[in-house]
Amino acid sequence: MKVVAAMSGGVDSAVAAARAAEAGHEVTGIHLALSRNPKSYRSGARGCCTIEDSNDARRAADVIGIPFYIWDLSDRFHEDVVEDFMDTYAAGRTPNPCLRCNEKIKFAAVLDRALALGFDAVATGHYARLEPTPAGGVELHRAVDHGKDQSYVLGVLDERQLRHSLFPLGDTPKDEVRREAAARGLLVADKPDSHDICFVADGDNTGWLREKLGDRIPNEGGSIVDESGEVLGEHEGTYGFTIGQRKGLRIGRPAADGRPRYVLDIEPVSGTVTVGPHERLAVERIRADRPRWCGAPLAPGSTVEATVQLRAHGDEHRALVSVDAAGDQVEIELVDRAYGIAPGQAAVIYQGSRVVGSATIDATERVPA
């Protein structure tokens with residue numbers, strides 16, 4: 001099988017490429033150039049899109065003994081990931097750019113180009129597993145290493161994309177991957193994992209948004225209020241907040257009961273950020289749209305027992321998941337309450353270890369006070 005190995009410059013993608021080649025596939029390594037202006041590539045391995053990362057990927061490909069190319073997808077990345085990131089924050093929601101990158105770039109733009117060039121699949125270093133079904137299909141499952149599991153950010157992939165994907169690391173704990181990288185002579189064996197948003201150079205999301213959003217912000221600043229409407233402070237932009245946030249509120253005076261406050265609501269048009277006690281973050285229902293099914297979709301009008309994960313590294317919550325009659329909206333009734341759930345994030349649906357699909361959170365219903 002002819003395989004494109006997406007090599008970010010980190011240890012995971014390097015070992016995934018090596019395993020794909022060792023399995024007998026005809027592997028070509030690629031690194032994605034995602035910056036529209038090469039001068040904006042930052043120095044230092046804070047993310048997955050630096051000049052250093054490109055060089056690390058090339059060296060790893062040389063060690064593995066596979067061809068290596070750089071694919072320029074900067075325009076597509078800017079339109080589908082960076083613009084979406086800015087628009088979502090401007091609307092008072094919280095995006096997940098890594099999930100959007102998987103949906104629009106790595107398993108859409110990259111996969112489409114790979115198939116057009118005669119390749120059969122794309123291999124990545126994601127920690128997730130693919131399992132065949134008796135009917136000849138394929139299912140997405142959690143990785144063996146649950147602490148490293150990345151099935152949440154792959155919950156946007158449909159069955160066609162999964163059929164053309166390889167996740168060689170899904171059955172291996174992370175520490176074993178590092179030992180294997182060292183044994184293979186890969187210099188990235190001890191390279192730290194990236195945790196920042198790759199296109200935000202210094203990790204300061206708020207500062208980056210303040211610089212980039214410009215006239216997309218309805219109100220540049222606004223008030224921080226409690227649930228009664230009393231003004232507690234001022235802020236420079238709603239894009240600096242997310243539902244459930246505790247730190248960085250800069251209110252200046254404590255609550256009457258001395259307990260910490262959390263962001264409960266964000267209203268970008270008026271510029272109002274509402275804060276309150278932690279218990280007011282408890283959510284019992286979620287409405288989500290844009291469902292994406294990792295295999296056979298849930299039937300319109302159906303209700304199933306499942307679990308849902310609501311953050312990239314969050315807990316699973318037992319739930320009843322219902323699909324409306326049109327099949328384009330999902331209602332989630334939580335058996336286990338969740339706290340601080342932000343519209344714009346993904347609700348990923350599981351049955352056991354299997355990823356059923358995902359949907360984008362549109363609204364939440366809180367537990368009555």
Side-chain angles (χ1 to χ4, degrees), residues 1-34 45 48-73 101-102 105-132 138-141 143-145 148-151 153-154 157 160-194:
M1 186 161 63
K2 294 183 66 178
V3 174
V4 164
M7 303 181 70
S8 67
V11 61
D12 296 328
S13 60
V15 173
R19 286 188 174 187
E22 192 171 69
H25 300 304
E26 184 182 338
V27 179
T28 297
I30 64 157
H31 182 79
L32 301 181
L34 300 179
C48 62
C49 307
T50 67
I51 287 291
E52 288 88 342
D53 291 323
S54 175
N55 292 335
D56 286 343
R58 185 182 297 277
R59 283 189 288 267
D62 289 342
V63 171
I64 298 166
I66 59 175
F68 179 82
Y69 299 92
I70 294 177
W71 285 6
D72 184 356
L73 291 173
C101 183
N102 285 331
I105 305 300
K106 292 178 181 176
F107 297 94
V110 170
L111 179 58
D112 290 345
R113 180 180 291 190
L115 295 176
L117 291 172
F119 291 92
D120 302 298
V122 172
T124 73
H126 287 99
Y127 285 78
R129 293 179 293 123
L130 294 174
E131 294 189 1
V138 62
E139 294 177 345
L140 177 65
H141 286 255
V144 168
D145 186 345
K148 185 60 179 173
D149 174 62
Q150 292 173 297
S151 60
V153 295
L154 298 173
L157 305 185
R160 170 187 170 273
Q161 293 168 321
L162 294 175
R163 285 178 182 273
H164 294 286
S165 300
L166 293 175
F167 304 126
L169 307 186
D171 61 353
T172 310
K174 178 60 179 267
D175 56 353
E176 289 186 22
V177 170
R178 289 198 179 277
R179 287 196 294 269
E180 180 178 332
R184 290 180 181 274
L186 297 169
L187 297 180
V188 292
D190 296 320
K191 185 174 180 179
D193 292 339
S194 60

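For the pair Asp62 and Arg59, the salt-bridge criterion is not met [side-chain N within less than 4.0 Å of a carboxylate O]. A salt bridge links Glu131 with Arg129; the closest basic N to acidic carboxylate O contact falls under 4.0 Å. Under a 4.0 Å N-O distance rule, the pair Asp53/Lys191 qualifies as a salt bridge. By the 4.0 Å N-to-carboxylate-O rule, Arg178 lies close enough to Asp193 to be salt-bridged with it.
Taking all atoms of both residues into account, the shortest heavy-atom contact from Gly10 to Val188 is O-CG2, 3.9 Å.
Inter-residue side-chain proximity for Trp71 and Arg113 is flagged as met; some heavy-atom pair is nearer than 4.5 Å. Side-chain contact between Pro132 and Val138 is absent, with no heavy atoms from C-beta onward closer than 4.5 Å. At a threshold of 4.5 Å between non-hydrogen side-chain atoms, the residues Ile70 and Ile30 do not count as touching. Under the 4.5 Å side-chain criterion, counting only non-hydrogen atoms from C-beta, Val122 is not in contact with Lys106. Two residues are said to be in side-chain contact when any heavy atoms from C-beta on lie closer than 4.5 Å; Leu130 and Glu139 fail this criterion. The side-chain heavy atoms of Asp120 and Arg163, taken from C-beta on, include no pair separated by under 4.5 Å. No side-chain heavy atom of Lys148 sits less than 4.5 Å from a side-chain heavy atom of Leu169. In this structure, the side chains of Glu176 and Asp145 stay at 4.5 Å or more apart for every pair of heavy atoms.
A perpendicular orientation is assigned to the rings of Phe167 and Phe107, their planes being inclined by more than 60° (bins at 30° and 60°).
The 12-atom threshold is not exceeded at CG of Asp190, counting heavy atoms of other residues, nucleotides or ligands nearer than 6.0 Å.
A donor-acceptor pair under 3.5 Å links the side-chain atoms of Gln150 to the main chain of Tyr127, judged by distance alone. The backbone N or O of Ser8 lies less than 3.5 Å from a partner atom in the side chain of Ser13, making a donor-acceptor pair. Judged by distance alone, the side chain of His31 and the main-chain N or O of Ala57 form no donor-acceptor pair under 3.5 Å.
Here Met1 contributes atom CE and Phe119 contributes atom CZ; the two are 12.0 Å apart, rounded to the nearest 0.5 Å. The distance from the OG atom of Ser165 to the CG atom of Leu154 is 8.0 Å, given to the nearest 0.5 Å. Of the inter-residue distances, the one linking Leu34 atom CG with Leu32 atom CG reads 5.0 Å to the nearest 0.5 angstrom. The OG1 atom of Thr124 lies 7.5 Å from the CG atom of Asn102; values are rounded to the nearest 0.5 Å.
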Check: What's the verdict on side-chain contact (heavy atoms from CB on, under 4.5 Å) for Gln161 and Leu111, showing C-alpha distance, side-chain angles and the deciding distance?
Finding: CA-CA 8 Å; Gln161 293 168 321; Leu111 179 58; 4.1 Å; yes
Next item on the list: Go through the steps to decide whether Leu140 and Leu157 satisfy the test side-chain contact (heavy atoms from CB on, under 4.5 Å), and finish with yes or no.
Entry: CA-CA 9 Å; Leu140 177 65; Leu157 305 185; 5.6 Å; no
Item checked: Asp12 vs Lys174, side-chain contact (heavy atoms from CB on, under 4.5 Å): CA-CA, chis, key distance, verdict -> CA-CA 8 Å; Asp12 296 328; Lys174 178 60 179 267; 3.2 Å; yes
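Every side-chain contact (heavy atoms from CB on, under 4.5 Å) that Ala181 has, sequence neighbours left out, goes to Val11, Val15, Leu186, Ala189.
Leu166 pairs with exactly one of Val4, Val27, Val3 by the side-chain contact (heavy atoms from CB on, under 4.5 Å) rule, that one being Val3.
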All N/O donor-acceptor pairs, side-chain side in residues 16-23, below 3.5 Å, sequence neighbours left out:
unit_1 : atom_1 : unit_2 : atom_2 : d
Arg19  : NE     : Glu180 : OE1    : 3.2
Arg19  : NE     : Glu180 : OE2    : 3.2
Arg19  : NH1    : Pro168 : O      : 2.9
Arg19  : NH1    : Thr172 : OG1    : 2.9
Arg19  : NH2    : Thr172 : OG1    : 3.2
Arg19  : NH2    : Glu180 : OE1    : 2.7
Glu22  : OE1    : Arg184 : NH2    : 3.0

